[in-house]
Enquirer: 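The structure follows.
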Amino acid sequence: MAPALRLLLAFLAIGSCIAVDHVDIWPMPQSANHGTQRLYVSKDLVLSTAGSNYADDRAILKDAFQRTMDLLKLNHAADGAEPSSYVLKGVNVVVRSPEDELNFGVDESYNMSILTVGEPLHAQIEAQTVYGALNALQTFSQLCYFDFTSRLIELNSAPWMITDAPRFPYRGLLIDTARHYLPLSTIKGVIDAMSYSKLNVLHWHIVDEQSFPIEIPSYPKLWNGSYSYSERYTMSDAIDIVRYAEKRGVNVLAEIDVPGHALSWGVGYPLLWPSDSCKEPLDVSNNFTFTVIDGILSDFSKVFKFKLVHLGGDEVNTSCWTATPHIKEWLRDNHMNVSDAYRYFVLRTQKIAISHGYDVVNWEETFNHFGEKLDRKTVVHNWLGGDVAPKVVAAGLRCIVSNQDNWYLDHLDATWEGFYMNEPLEGIDDPEQQRLVIGGEVCMWGEQIDASDIEQTIWPRAAAAAGQY
């Protein structure tokens with residue numbers, strides 16, 4: 001059949017379809033039209049790339065297609081007798097860009113058509129980048145199911161015409177490896193599940209006051225603050241996680257939370273503590289503190305290539321600074337009170353991160369205390385009040401929404417309605433300000449979970465939030 005006639009027949013078929021409000025695709029695509037025909041998906045489904053500009057040198061697309069096939073079969077043997085007609089034989093993926101660098105804001109849109117005419121029948125995916133194609137393959141996998149009667153993979157309601165793009169460039173999930181250590185296999189399992197809901201940023205809250213589990217070559221005694229000798233991540237481990245995530249379209253946002261939440265740093269380097277009896281926040285008066293932070297971010301820049309780095313800045317109790325004689329003297333000599341010193345610490349740390357090529361994310365307390373002083377590239381991470389995002393974007397800064405009453409996964413009393421209905425743009429009507437909300441994030445803090453229950457605590461509630469992204 002000539003291509004032009006095939007398309008004409010396809011659109012005539014689609015013309016009788018209506019845009020659906022309810023399909024078994026999550027998150028819901030921008031538009032989806034479908035028909036009524038059942039197709040059978042060949043167990044020998046073939047990937048082709050006719051017309052694509054993408055060479056797939058790193059096998060990102062090839063591996064994603066294999067994962068899709070594994071999802072379709074769900075470990076079952078598709079051993080039924082294929083009918084002679086209405087069998088989907090292949091998926092053709094056209095990627096326009098030859099590049100596959102996973103930059104912030106990369107185009108993740110796609111168009112997908114699954115027609116009921118043509119020989120052989122195939123799904124057609126078109127995307128600007130390979131990461132849009134990955135999203136399309138996830139959608140394709142959701143349209144298919146294993147039928148236990150026919151013993152075949154089936155696809156209902158064809159033909160399909162789907163157009164989709166994410167609402168926000170940042171669609172995040174936080175994990176916390178400082179409160180409980182998570183094995184690499186567990187982190188990879190979380191990343192796999194993220195890709196099913198098209199989440200694209202793993203916010204890795206790596207260290208906190210309880211544990212410093214990651215290797216820092218510039219300051220090798222820092223991970224003396226890990227829970228145990230074996231509960232650690234090498235730089236090679238971190239590279240492995242970043243590469244694993246990237247092949248699934250997921251960026252890794254690394255966080256060191258300073259100046260508070262950093263007691264574990266001083267196990268290896270006691271000079272970072274204000275004193276032996278008063279151990280956090282980090283010593284603001286000691287240049288060594290900032291030298292260590294510079295070393296950490298220098299090492300991070302070789303591993304964590306995402307444009308953003310998270311520097312925390314929340315819940316800073318400054319009483320140790322005023323209770324420690326040499327810091328109290330430093331404050332007096334520099335004509336600072338503790339609020340001034342808090343601002344000084346955050347801003348100096350921001351400059352260090354920027355010198356390593358990063359844009360900085362800080363928790364909202366930094367904005368609440370001295371928002372006008374933050375670097376203009378700062379992304380403010382809202383977690384406390386629901387009224388913060390409008391104030392952040394009105395000030396011209398970017399914002400990530402994670403308000404704890406709705407999107408903290410460790411809050412087991414948070415309602416389903418909250419996860420589904422939380423609106424990142426609530427109270428923001430100006431289109432220019434809306435664009436400054438780069439997205440949202442659900443947070444799985446680690447005090448009450450470990451590797452045994454993290455996934456069942458994250459899901460399916462995180463998927464409900466993904467519907468807003």
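These numbers come from a predicted model, not from an experiment.
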Enquirer: Looking only at heavy atoms, which two atoms of Ala462 and Trp459 are closest? And how far apart?
Expert: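 So the minimum-distance heavy-atom pair works out to CB-CZ3, 3.5 Å.
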
Enquirer: Determine whether a donor-acceptor pair (N or O, by modelled atom type, separation under 3.5 Å) exists between the side chain of Ser226 and the backbone of Trp223.
Expert: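 Yes.
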
Enquirer: Give a yes or no on this: more than 12 heavy atoms of other residues, nucleotides or ligands lie within 6.0 Å of atom CD of Gln448.
Expert: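 No, because the 6.0 Å sphere around CD of Gln448 holds 12 heavy atoms or fewer from other groups.
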
Enquirer: Measure the shortest side-chain to side-chain distance between Ile125 and Val94 over non-hydrogen atoms and say whether it is less than 4.5 angstrom.
Expert: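 No, every pair of side-chain atoms sits at 4.5 Å or beyond.
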
Enquirer: Quick one: does Glu365's side chain get under 4.5 Å of Trp383's, heavy atoms only?
Expert: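 Contact flag for Glu365/Trp383 side chains = yes.
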
Enquirer: With distance as the sole criterion, is a donor-acceptor pair present between the side chains of Gln434 and Asp430 under 3.5 Å?
Expert: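 Per modelled atom types, Gln434 and Asp430 side chains form no pair under 3.5 Å.
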
Enquirer: For the residue pair Val284 and Tyr344, establish whether any side-chain heavy-atom pair is separated by less than 4.5 Å.
Expert: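 The answer is yes, as the side chains (C-beta and beyond) meet within the 4.5 Å cut-off.
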
Enquirer: Could you check Thr177 against His205 for side chain to side chain contact (heavy atoms under 4.5 Å, CB included), going step by step and ending with a plain yes or no?
Expert: CA-CA 6 Å; Thr177 57; His205 185 87; over 6 Å; no

Enquirer: Do Ser339 and His369 get their side chains close enough for a donor-acceptor pair, meaning under 3.5 Å?
Expert: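 Note: Ser339 and His369 side chains miss the donor-acceptor criterion.
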
Enquirer: For atom CD of Glu101, decide whether the heavy atoms of other residues, nucleotides or ligands shown that lie under 6.0 angstrom number more than 12.
Expert: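 No, not enclosed.
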
Enquirer: Does Arg435 pair with Glu432 as a salt bridge, N-O distance under 4.0 Å?
Expert: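 Yes, this pair counts.
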
Enquirer: Decide whether Thr291 and Asp294 meet the rule of one side-chain donor and one side-chain acceptor closer than 3.5 Å.
Expert: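 Not at all, the side chains of Thr291 and Asp294 share no donor-acceptor pair under 3.5 Å.
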
Enquirer: Is there a donor-acceptor pair under 3.5 Å between the side chain of Asn334 and the backbone N or O of Trp330?
Expert: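 Yes: the side chain of Asn334 pairs with the backbone of Trp330.
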
Enquirer: Got a sec, which residues hit salt bridge (Lys or Arg N to Asp or Glu O under 4.0 Å) with Glu447, two or more places apart in sequence or on another chain?
Expert: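 With sequence neighbours excluded, Glu447 shows a salt bridge (Lys or Arg N to Asp or Glu O under 4.0 Å) to Arg179, given in chain and number order.
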
Enquirer: With salt bridge (Lys or Arg N to Asp or Glu O under 4.0 Å) as the test, would you mind laying out the steps for Arg167 and Glu423 before giving the verdict?
Expert: CA-CA 12 Å; Arg167 186 181 177 205; Glu423 172 50 62; 2.8 Å; yes

Enquirer: Hey, do the aromatic rings of Phe288 and Trp273 have their centres closer than 6.0 Å?
Expert: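 Ring-ring flag for Phe288/Trp273: false, centres at least 6.0 Å apart.
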
Enquirer: Using atom types as modelled and distance alone, determine if a side-chain donor or acceptor of Ser141 lies under 3.5 Å from a backbone N or O of Leu71.
Expert: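 Not a single qualifying donor-acceptor pair exists.
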
Enquirer: Do you know which two heavy atoms are closest between Gly260 and Pro281, and how far apart they sit?
Expert: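 The pair with the smallest heavy-atom distance is N-CB, 4.2 Å.
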
Enquirer: Distance only, no hydrogens: is a donor on one side chain within 3.5 Å (strictly under) of an acceptor on the other, for Glu441 and His203?
Expert: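 Per modelled atom types, Glu441 and His203 side chains form a pair under 3.5 Å.
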
Enquirer: Under 3.5 Å, is there a donor-acceptor pair between the side chain of Arg343 and the main chain of Phe370?
Expert: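 Not at all, since once roles are kept as given, no pair shorter than 3.5 Å links the two residues.
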
Enquirer: When rounded to the nearest 0.5 angstrom, what distance separates OH in Tyr408 from CG in Asp410?
Expert: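 One finds 7.5 Å between OH of Tyr408 and CG of Asp410.
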
Enquirer: Could you go step by step and tell me if Asn403 and Asn422 meet the side chain to side chain donor-acceptor pair (under 3.5 Å) rule?
Expert: CA-CA 9 Å; Asn403 47 315; Asn422 195 38; 2.9 Å; yes

Enquirer: State yes or no: are the ring centers of Trp204 and His310 separated by less than 6.0 Å?
Expert: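 Ring centroids of Trp204 and His310 are no less than 6.0 Å from each other.
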
Enquirer: Mind checking whether Pro166 and Lys198 have side chains closer than 4.5 Å, heavy atoms only?
Expert: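 Not touching, per the 4.5 Å side-chain cut-off.
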
Enquirer: Have Gln142 and Thr139 got a donor and an acceptor in their side chains that come within less than 3.5 Å?
Expert: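 No donor-acceptor contact under 3.5 Å links the two side chains.
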
Enquirer: Could you state the interatomic distance from CG (Asp63) to CG (Leu134), rounded to the nearest 0.5 Å?
Expert: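 It is 10.0 Å, given to the nearest 0.5 Å.
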
Enquirer: Using the ring centroid of each side chain, check whether Phe345 and Phe290 are separated by less than 6.0 Å.
Expert: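 Between Phe345 and Phe290, the centre distance is under 6.0 Å.
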
Enquirer: Would you check if Tyr469 and Tyr170 make a side-chain contact, meaning some heavy-atom pair closer than 4.5 Å?
Expert: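 No, too far: nothing below the 4.5 Å cut-off.
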
Enquirer: Should Pro213 and Tyr227 count as side-chain neighbours, where that means a heavy-atom distance under 4.5 Å?
Expert: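 With C-beta onward as the side chain, the pair stays apart.
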
Enquirer: Nearest 0.5 Å, please: how far is NZ in Lys391 from CG in Asp387?
Expert: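 It is 4.0 Å, given to the nearest 0.5 Å.
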
Enquirer: Between the side chains of Glu280 and His261, is a donor N or O closer than 3.5 angstrom to an acceptor N or O?
Expert: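 Glu280 vs His261: no donor-acceptor pair found between side chains.
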
Enquirer: Please walk me through it: do Phe419 and Asn406 pass side chain to side chain contact (heavy atoms under 4.5 Å, CB included)?
Expert: CA-CA 6 Å; Phe419 276 93; Asn406 289 321; over 6 Å; no

Enquirer: Applying side chain to side chain donor-acceptor pair (under 3.5 Å), run through Ser402 and His381 and close with a yes or a no.
Expert: CA-CA 7 Å; Ser402 292; His381 197 162; 2.8 Å; yes

Enquirer: Using distance alone, with no hydrogens and no angle criterion, decide if Glu126 and Asn111 have a side-chain donor and acceptor under 3.5 Å apart.
Expert: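 There is no such pair between these side chains.
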
Enquirer: Has the side chain of Asp100 got a donor or acceptor atom that lies under 3.5 Å from a matching backbone atom of Thr129?
Expert: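 Not at all, since once roles are kept as given, no pair shorter than 3.5 Å links the two residues.
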
Enquirer: Working to the nearest 0.5 Å, report the span between CG of Asp299 and CZ of Phe304.
Expert: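 That separation rounds to 10.5 Å.
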
Enquirer: Do Leu272 and Leu222 come close enough that some side-chain heavy atom pair is under 4.5 Å?
Expert: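 Heavy-atom side-chain distance check passes, below 4.5 Å.
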
Enquirer: Determine whether a donor-acceptor pair (N or O, by modelled atom type, separation under 3.5 Å) exists between the side chain of Asp453 and the backbone of Asp450.
Expert: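 Present.
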
Enquirer: Scan residues 317-335 for pairs that pass salt bridge (charged side-chain N to carboxylate O under 4.0 Å, His left out), counting only residues two or more places apart or in two chains.
Expert: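 Sorted result for residues 317-335: empty, none.
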
Enquirer: Taking Asn251 for its side chain and Phe306 for its backbone only, find out whether a donor-acceptor pair lies under 3.5 Å.
Expert: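 Not at all, since once roles are kept as given, no pair shorter than 3.5 Å links the two residues.
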
Enquirer: Using only heavy-atom distances, determine whether the side chains of Ser301 and Lys305 contain a donor-acceptor pair under 3.5 Å.
Expert: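 Their side chains do not contain a donor-acceptor pair, so the 3.5 Å distance test is not met.
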
Enquirer: Ignoring hydrogens, what is the shortest heavy-atom contact between Phe146 and Leu72? Give both atom names and the distance.
Expert: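 For Phe146 and Leu72, the tightest heavy-atom pair comes out as CB-O, 4.1 Å.
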
Enquirer: Using modelled atom types only, decide if a donor and an acceptor are shared between the side chain of Gln128 and the backbone of Tyr110 within a distance under 3.5 Å.
Expert: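 A pair under 3.5 Å: no.
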
Enquirer: With a 4.5 Å cut-off on side-chain heavy atoms, are Leu271 and Asp283 touching?
Expert: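 Contact flag for Asp283/Leu271 side chains = no.
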
Enquirer: Does the gap between the ring centers of Tyr181 and Tyr233 come in under 6.0 Å?
Expert: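 Close enough - the centres of the two rings lie under 6.0 Å apart.
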
Enquirer: Is the backbone of Cys278 close enough, under 3.5 Å, to the side chain of Ser275 for a donor and an acceptor to pair up by distance?
Expert: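 Yes, because the side chain of Ser275 sits within donor-acceptor range (under 3.5 Å) of the backbone of Cys278.
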
Enquirer: Applying side-chain contact (heavy atoms from CB on, under 4.5 Å) between Val41 and each of Leu143, Val91, Leu155, report the one that passes.
Expert: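 Considering Leu143, Val91, Leu155, a side-chain contact (heavy atoms from CB on, under 4.5 Å) with Val41 is found only for Leu155.
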
Enquirer: Given Gln350, which of Asn362, Asp359, Asp375, Thr366 fulfils the side-chain hydrogen bond (donor to acceptor under 3.5 Å, both in side chains) condition?
Expert: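 The option that passes is Asn362.
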
Enquirer: CD1/Ile454 to CD1/Ile449 distance, rounded to the nearest 0.5 angstrom?
Expert: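 Here the interatomic distance stands at 4.0 Å.
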
Enquirer: Please check this pair: side chain of Asn103 against backbone of Val106, looking for a donor-acceptor N/O pair closer than 3.5 Å.
Expert: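 Between the backbone of Val106 and the side chain of Asn103 there is no qualifying donor-acceptor contact (under 3.5 Å).
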
Enquirer: By the definition side-chain contact (heavy atoms from CB on, under 4.5 Å), identify the one residue from Ile25, Leu45, Ile162 that meets it with Phe140.
Expert: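 Going through Ile25, Leu45, Ile162 one by one, the side-chain contact (heavy atoms from CB on, under 4.5 Å) with Phe140 is satisfied by Leu45 alone.
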
Enquirer: Working to the nearest 0.5 Å, report the span between OG1 of Thr68 and CG of Leu137.
Expert: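 Answer for the OG1-CG pair, Thr68 versus Leu137, is 4.0 Å.
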
Enquirer: Determine all donor-acceptor pairs shorter than 3.5 Å in which one atom belongs to a side chain in residues 187-194; sequence neighbours excluded.
Expert:
unit_1: Lys188; atom_1: NZ; unit_2: Asp240; atom_2: OD2; d: 2.8
unit_1: Asp192; atom_1: OD1; unit_2: Tyr244; atom_2: OH; d: 2.9
unit_1: Asp192; atom_1: OD1; unit_2: Arg248; atom_2: NE; d: 2.8
unit_1: Asp192; atom_1: OD2; unit_2: Tyr244; atom_2: OH; d: 2.9

Enquirer: So does Arg58 pair up with Glu246, basic N to acidic O under 4.0 Å?
Expert: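 Looking at Arg58 and Glu246, the cut-off is met.
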
